[in-house]
Amino acid sequence: MPNRSTSSRPAGAAAAKKAPKSHKADGTAKKRWSAAERADRGHGPRRSGGRPRSESGFGADRPGRDETPRRFDRDEAPRRSDREDAPRRSDRDDRARTDRPRFERDDRRRFERDDRPRRFDRDDRPRFERDDRPRRFDRDERPRFERDDRPRFERDDRPRRFDRDDRPRFERDDRPRRFDRDERPRFERDDRPRFERDDRPRRFDRDDRPSGDREHRRGASRPPVDQHGGRRHESRPHRFAERASGAGDRRPEWQQVVEGTEDQMSWTEAAAVDVTELATAEEGNGFAALGLPGVLVGALASQGITTPFPIQAATIPDALAGRDVLGRGQTGSGKTLGFGLPMLSRLADGPRGRTRGVVLVPTRELAMQVADVLSPLASTVGLSVVLVAGGMAYGPQLKAFDRGVDVVVATPGRLIDLMDQGAADLSSVEITVLDEADHMADLGFLPDVRRVLDSVPPTGQRLLFSATLDRGVDTVVREYLDDPVTHEVDSGQATVSTMAHHVFQVKPYEKQTITAEVANREGRTVLFVRTQRGADRVASQLREVGVMAGALHGGLTQGARSRILSAFKEGTVPVLVATDVAARGIHVDEVSLVLQVDPPMGPKDYLHRAGRTARAGGEGAVVTLSLPHQRREVARLVKQAGVATVAQDVSADDEQVYRATGARKPSRPAIEDAEYERMIAPPVKARGSRRPGGQFRGRGRAQGGRQGGGRPRGGHRPV
DNA sequence: AAAAAAC
């Protein structure tokens, strides 16, 4: 047994440090009990191995070892006080006497020994572990992390009652109820004095312009924009006729059943709409009734779109008439067509090849989507559309301006870039649209938006649209709009009625598990997180437990952004973990659940994130996870978003969660990075697959394709 | 206070 002795180890090592007495298999020192520990376990003092003994050969290679200072507990010549002739002290326990057999001796030092007689009721724990305070019946004995140490006035010790409103005072509304009070959240309310408001129910055929302005549109400072053929006067009798025949769907939005929406992302090719095969604008087509040109109405009809959404019915007539419009409609309610159709109609009359329409949007993905929606419609009236956004090749965009392009759909940064390069000329722009206008009026965006608005002629028409159009746009409205008309079509409801809302109060250590359970559900799911890194982290954690998830955020290359979004649309990656880059406007079919892993920053963000589901009359659920410290904040956000939902405490593997979301316990093996990469790889064999971008073919093929061009043509048309 | 938006 070579390991029993240090002599088997290199002499140098043995000399360098105190030799262990025995070793484990790996050569490390074996733990030796101290005398005290041995005594605790009922053993006597060591009989061997306690220290080197020259007579046993132990430590024989360490000369001078025996010169180490003597210690009282060494079992050799007894110390003076321990010798037989030492004066006996009455309190001395002779268990320590060295003349006793070693196994009976207690070699621990005095302060280490507890000589008191044993008592069953004594608390032998060290002081710091004991609680010596006198017992009090009302003391909270729970461990600190469980106790509520706040002073009494801060605690709420009253027994819980299901019907009490426990929210902090500033969150409660204690005012006596009044039947006529507007309870909608502030950003939804119209706080203007009564005489400034127009409370009459909206009618698509009413001329809302101030009376002095009805016959010609604006004052001398802004010549009428509808100079090309007097569209307004032509269309008006038509609209009246339609009204007389009862046309136009006036039902509230949630009662309408409409096939398809404006936001459908995958219109692949402009050429797909063949003018010769267009459905005719029949009597009763709601879009024709709004005064849109027949060729556009036909293009829509051939897509199965014949009934305008309320926001479209409300805004199109005014926009067609050339007025500045503020439009607000619920998420997924058709705003893109709300501004797109009148813009294209008005530009249809007039010259070609100069940029006469600009649509500004806050994200590149939304820009693609809007361009994809407008491009085929534009081509039916002979207008070309170009997508101008960062992260994509300059070539096609520059070329488009070279040839002359009629409508620009852009994110602000790249458009300004092209303006500075002298490629984009906005001096002929007649119509400017701010999509997600309240966001574009944000502090971060405003300077860029200003630059664009300052570059277009001040006489042009401006259209501002958003699902949460609030007073935040006031500055823009004041500076850049002329006598705007506001259309708000959301029936006082913050979210659509087909949307279910849940707030899950989760424990920090279970959040990840619950997130994975929910993400593992059937169907497409969008997860929202606060930060880019958070998106990456959550996505990779999900893949680790076998849930195919991809991260989407602004820190990725545009190529990666496009690929993950495509994979999500195709369904190969059913879970998208996104920052707020995907919160606004992005449309993906059949997203059945939105999970807010991190709470949104504000009530507007809540509504936009939620709006990724339940689009165009579909159903969907919105789940918000809340940690203990977020409880109040989340309650406030949800309430301000106009959602009447209270948090429910849930835990991992919780029947409530399964029922509400269709969650399932993840049970598949981890997804390797390589496998994930394959899923979002560039669409090599993508012939026929659906992609976010289509080929834009405006007049003269204004733009060839997107970054990484050369993508195969073709593909089926979406339903 | 993060994200988005140009290179």
Side-chain angles (χ1 to χ4, degrees), chain A residues 358-371 386-398 400-401 408-424 426 432-455 466-468 472-473 476 526-539 551-562 564-565 576-586 596-609 611-612 629-630 633-634 636-637 706-707:
Chain A
V358 172
V359 181
L360 281 184
V361 298
T363 64
R364 298 167 183 177
E365 281 74 15
L366 188 53
M368 293 187 205
Q369 178 177 298
V370 170
V386 67
L387 169 65
V388 171
M392 280 167 270
Y394 278 92
Q397 298 174 14
L398 293 172
F401 282 108
V408 172
V409 178
T411 51
R414 178 64 72 90
L415 182 56
I416 289 171
D417 187 356
L418 295 184
M419 283 159 49
D420 290 343
Q421 290 188 36
L426 303 187
T432 312
V433 180
L434 296 189
D435 197 6
E436 308 295 345
D438 57 316
H439 196 214
M440 303 298 278
D442 266 3
L443 256 45
F445 267 116
L446 193 54
D448 284 356
V449 171
R450 245 183 229 284
R451 272 218 54 193
V452 175
L453 288 174
D454 287 337
S455 307
S466 178
T468 53
V473 296
V476 176
V526 178
L527 273 56
F528 280 107
V529 295
R530 198 175 56 100
T531 63
Q532 298 182 348
R533 290 188 62 189
D536 288 331
R537 177 171 42 80
V538 171
L552 176 66
H553 58 73
L556 302 171
T557 64
Q558 191 52 43
R561 284 168 69 163
S562 296
I564 178 60
L565 191 56
L576 186 69
V577 187
T579 59
D580 280 332
V581 70
R584 284 172 175 258
I586 302 301
Q596 311 200 64
V597 179
D598 296 327
M601 300 303 291
K604 291 203 288 179
D605 304 288
Y606 182 102
L607 294 176
H608 286 284
R609 285 170 163 197
R612 294 321 96 207
H629 71 278
Q630 296 166 333
E633 179 199 350
V634 170
R636 177 180 56 80
L637 282 170
R706 298 225 175 85
Q707 182 185 36

- Task: In whole angstrom, give the distance that lies between atom CZ of A/Arg364 and atom C1' of B/dA4.
- Result: 9 Å

- Taken to the nearest whole Å, CG/A/Leu418 to P/B/dA5 is 16 Å

- Message: Distance check needed: B/dA4 C1' versus A/Arg533 CZ, whole Å only.
- Response: 19 Å

- Message: Tell me the interatomic distance from A/His439, atom NE2, to B/dA3, atom C1', rounded to whole angstroms.
- Response: 7 Å

- Note on the structure: Of B/dA4, B/dA5, B/dA2, the nucleotide closest to the side chain of A/Gln532 is B/dA4

- Message: Given A/Val388, which partner from the list A/Thr411, A/Asp417, A/Leu415, A/Leu360 fulfils the side-chain contact (heavy atoms from CB on, under 4.5 Å) test?
- Response: A/Leu415

- Distance test, side-chain N/O of A/Arg609 to OP1/OP2 of B/dA3, below 4.0 Å: no

- Sugar-phosphate only, base, or nothing, as touched by A/Gly390 at under 4.0 Å among non-hydrogen atoms: sugar-phosphate

- Atom CG of A/Asp438 and atom P of B/dA3: how far apart are they, to the nearest Å? 19 Å

- Message: So if I take every side-chain heavy atom of A/Thr411 and compare against B/dA6, B/dA4, B/dA1, which nucleotide ends up nearest?
- Response: B/dA6

- Rounded to whole Å, the CZ-P distance (A/Phe445 to B/dA1) equals 20 Å

- For the side-chain contact (heavy atoms from CB on, under 4.5 Å) test, which of A/Val370, A/Leu434, A/Leu366 pairs with A/Val359? A/Val370

- Please report, rounded to the nearest Å, how far the C1' atom of B/dA3 is from the OH atom of A/Tyr606. 20 Å

- Task: Among B/dA4, B/dA2, B/dA6, find the nucleotide with the atom closest to the side chain of A/Thr531.
- Result: B/dA2

- Contact class for A/Asp448 vs. all strands (heavy atom < 4.0 Å): base, sugar-phosphate, or nothing? nothing

- Query: Under the salt bridge (charged side-chain N to carboxylate O under 4.0 Å, His left out) criterion, do A/Arg530 and A/Asp605 qualify, and how do the steps go?
  - Reply: CA-CA 11 Å; A/Arg530 198 175 56 100; A/Asp605 304 288; over 6 Å; no

- Message: Check this one for me: any side-chain N or O of A/Arg584 less than 4.0 Å away from OP1 or OP2 of B/dA3?
- Response: no

- Query: Once you round it to whole Å, what is the distance between P of B/dA5 and CG of A/Leu387?
  - Reply: 12 Å

